Amino acid sequence: MARAGLASVGQDPGGSPAGRLLDWYDRHARDLPWRVSPLARARGRRPDPYGVWLSEIMLQQTTVKTVGPYFEDFLARWPRVKDLAAADTAEVMSAWAGLGYYSRARNLHACARMVAGELGGIFPQTEEGLLALPGVGPYTAAAIAAIAFDEPAAVMDGNVERVISRLFAITTPLPAAKAEIRDRLRTLVPDTRPGDFAQATMDLGATLCSPKKPACSLCPWTDICAAAAQGIAETLPVKPPKKEKPTRHGAAFWLTDGKGHVLLRTRPPKGLLGGMDEVPGTEWREQKAVDHLPHAPAEAPWEVLPGTVRHVFTHFALELVVYRAEVADRPQAEGEWVPVDSLTARALPTVMRKVVAHADPDAAKQFRRRK
DNA sequence: GATGCGTGGCA
DNA sequence: TTGCCAAGCAT
């Protein structure tokens, strides 16, 4: 933890910036389920490309804490890429339920099938090759290339954008600043341990160089950080103003048959909650409907439940009224009758789990097993 | 370049 | 309570 005195600025007190960051990483790397520790890596242990790929897809826009149990569950169910490729899509969607951004799950499965099939079970080892895989964009391709294959790729995620924009005091707003951030990052990427360097920059952003109240005094780069020197670290990177979220309204219909089954539907494969299961409902509109019942999946003695279900998506908030009915004989209705006690096996997104909890609190208890 | 796409944690 | 935002990608 040697502190670089003013006299040593520009003198490279602890080696190159990358070297100093790696030194910090050797001492502070977090122990994560998909990570090979710096020590084990130094001893020659290599991360499994399948595990690196799986974790990176899950980590897109998703926190480490949230991903943990899902990663363990996927790896236990499908230890190798060919196992995942052989799974049913419905089973994969069910296992992904709750993690969000469900197109990731579809692309994950498509990618597994591509790798296990036409690629002979071997992941591409270059950024370019990885970029051609479904669900793999610039960040993920670079991350896999660096972490799994020791390619000196510039791995730039939200954390790294923050770290680099501060290090060089880049005040251009995002996303226009990305090109400059990437150029700056490239000057830092070392030829040795590029994978650890990538993980170190992300760890730095996730721990010390946080969006608010960065812990500059503990940072291995504090003495070479332009933003810290100018006292503007917390203001960077500059982001565009946020758009406001409208609230949409709708209704959901919980219909049971008296024999422990409930009517569910599967949403279309693309778009919001694509390919996921749902409790049948109305469309979701900003205007509140006067009467929901004409949109019910069947005629039944519908009873409106008190309260509403609220859920916030990326670009709008949703408020649902829940109706409940039980019928002795199943009416003609689009969808599938599913045992109420096996809903965990279904691909129910979080908003629909909230609907279940509202309509039948006992049934919702089965969801508590995970996490 | 802009937009659509989930969820949970935390200040 | 409310807003912020986290290891982005596809279109």
Side-chain angles (χ1 to χ4, degrees), chain A residues 30 32-35 51-71 93 96-108 110-111 130-148 153-163 172-179 195 197-207 209-213 234 237 239-248 267-276 278 310-318 347-354 367 370-371:
Chain A
R30 293 179 291 172
L32 305 176
W34 46 85
R35 177 174 283 178
V52 174
W53 163 74
L54 178 62
S55 66
E56 291 301 340
I57 300 296
M58 288 184 165
L59 286 163
Q60 290 167 6
Q61 298 296 97
T62 310
T63 58
V64 163
K65 184 182 168 76
T66 300
V67 165
Y70 285 89
F71 177 80
M93 299 307 287
W96 195 276
L99 203 47
Y101 287 130
Y102 297 100
S103 66
R104 288 185 297 170
R106 288 199 165 277
N107 285 144
L108 180 86
C111 182
L130 290 159
L131 204 48
L133 301 173
V136 176
Y139 160 75
T140 307
I144 298 172
I147 297 169
V155 181
M156 195 171 86
D157 72 333
N159 285 309
V160 178
E161 286 173 13
R162 185 168 57 253
V163 169
T172 308
L174 290 172
K178 288 193 179 190
F197 177 80
Q199 294 177 93
T201 47
M202 292 190 279
D203 267 22
L204 187 65
T207 57
C209 197
S210 46
K212 293 175 184 172
K213 301 190 184 303
E234 193 164 0
K239 298 196 169 185
K242 311 232 181 316
K243 294 173 63 178
E244 66 178 88
K245 264 176 212 194
T247 297
R248 296 184 191 170
R267 295 174 62 88
K270 294 193 174 178
L272 184 70
L273 307 178
M276 300 296 284
E278 67 175 355
R310 281 193 62 84
H311 190 75
V312 180
F313 291 103
T314 307
H315 54 295
F316 68 93
L318 180 64
L348 284 174
T350 297
V351 61
M352 288 301 148
R353 293 182 182 218
K354 289 183 183 177
F367 296 135
R370 181 180 242 161
K371 287 192 290 267

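Since we're looking at a predicted model, the values are computed, not measured.
A:K354 pairs by the salt bridge (Lys or Arg N to Asp or Glu O under 4.0 Å) definition with nothing, not counting sequence neighbours. Legend: residues meeting side chain to side chain donor-acceptor pair (under 3.5 Å) with A:E278, ordered by chain and number and at least two apart, are A:R267. Partners of A:T62 by side chain to side chain donor-acceptor pair (under 3.5 Å), not counting sequence neighbours, listed by chain and number: A:R104. The side-chain contact (heavy atoms from CB on, under 4.5 Å) test applied to A:P246 returns A:E286, A:F316, not counting sequence neighbours. Listed by chain and residue number, nothing satisfies the ring pair (Phe, Tyr, Trp, His ring centres under 6.0 Å) test with A:Y101 (two or more places apart in sequence, or in another chain). When the side chain to side chain donor-acceptor pair (under 3.5 Å) test is applied to A:T140, the partners found at least two apart in sequence or on another chain are A:Q60. A:T63 pairs by the side chain to side chain donor-acceptor pair (under 3.5 Å) definition with A:T66, not counting sequence neighbours. The side-chain contact (heavy atoms from CB on, under 4.5 Å) search around A:P33 returns A:F71, A:E72, not counting sequence neighbours.
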Using nucleotides 1-5 of chain C, report all nitrogen or oxygen pairs with the protein that are shorter than 3.5 Å.
from, atom 1, to, atom 2, distance (Å)
C:dC5, OP2, A:K242, NZ, 3.0

Check: protein-nucleotides 8-11 of chain C nitrogen or oxygen pairs below 3.5 Å:
from, atom 1, to, atom 2, distance (Å)
C:dG8, OP1, A:G158, N, 3.2
C:dG8, OP2, A:Q61, N, 2.8
C:dG8, OP2, A:Q61, OE1, 2.9
C:dG8, O5', A:Q61, N, 3.4
C:dG8, O5', A:Q61, OE1, 3.4
C:dC9, OP1, A:G137, N, 2.8
C:dC9, OP1, A:G137, O, 3.3
C:dC9, OP1, A:T140, N, 3.0
C:dC9, OP1, A:T140, OG1, 2.7
C:dC9, OP2, A:P138, N, 3.4
C:dC9, OP2, A:Y139, N, 3.3
C:dA10, OP1, A:G135, N, 2.5

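When rounded to the nearest whole Å, the span between CD1 of A:I57 and C1' of C:dA6 equals 15 Å. Rounded to whole Å, the distance from CE on A:M202 to C1' on C:dA6 is 12 Å. The nearest whole Å value for the distance from the OH atom in A:Y102 to the P atom in B:dC5 is 14 Å. Remark: P of B:dT3 and CD of A:E244 are 14 Å apart, rounded to the nearest angstrom. Atom-to-atom, CZ of A:R106 to P of B:dC5 comes out at 15 Å; the value is rounded to the nearest Å. To the nearest angstrom, C1' of B:dG6 lies 15 Å from CE of A:M58. Protein atom CZ of A:F367 is 17 Å distant from nucleotide atom C1' of B:dG8, rounded to whole Å. Here the C1' atom of nucleotide C:dA6 and the CG atom of A:L204 are 16 Å apart, to the nearest Å.
Across all strands shown, A:R35 has heavy atoms under 4.0 Å from base atoms, whether or not it also approaches the sugar-phosphate. Across all strands, A:L174 comes closer than 4.0 Å to no nucleic acid atom at all (heavy-atom distances). Within the nucleic acid shown, A:L273 comes within 4.0 Å of sugar-phosphate atoms alone, with no base atom in reach, counting heavy atoms only.
Closest to the side chain of A:R104, out of C:dA6, B:dG6, B:dG4, is B:dG6. Side chain of A:P175, nearest nucleotide from B:dT7, B:dA2, B:dG8: B:dA2.
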Give the dot-bracket line for DNA chain C from 5' end to 3' end: parentheses for intra-strand Watson-Crick or G-U pairs under 3.5 Å, square brackets for crossings, | for inter-strand pairing, dots for unpaired.
.|||||.||||

Name every donor-acceptor pair, under 3.5 Å, that has one atom in a side chain of residues 197-205 of chain A and the other anywhere in the protein, sequence neighbours excluded.
from, atom 1, to, atom 2, distance (Å)
A:Q199, OE1, A:R35, NE, 3.1
A:Q199, NE2, A:G195, O, 3.4
A:T201, OG1, A:F197, O, 3.2
A:T201, OG1, A:A198, O, 2.8
A:D203, OD1, A:R30, NE, 3.4
A:D203, OD1, A:R30, NH2, 3.0
A:D203, OD1, A:R35, NH2, 3.0
A:D203, OD2, A:R30, N, 3.4
A:D203, OD2, A:R35, NH1, 2.9

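Within the 4.0 Å cut-off from OP1 or OP2 of B:dT7, at least one side-chain nitrogen or oxygen of A:H311 is found. Put simply, A:H315 has a side-chain N or O that comes within less than 4.0 Å of OP1 or OP2 on B:dC5.
Of all non-hydrogen atoms in A:R106 and A:P269, the two that sit nearest each other are NE-O, 3.6 Å. Between A:G135 and A:I57, the closest heavy-atom pair is O-CD1, 3.5 Å.
You won't find any donor-acceptor pair under 3.5 Å spanning the side chain of A:T63 and the base of B:dG8, going by distance alone.
The aromatic ring centroids of A:F313 and A:H311 lie less than 6.0 Å from each other.
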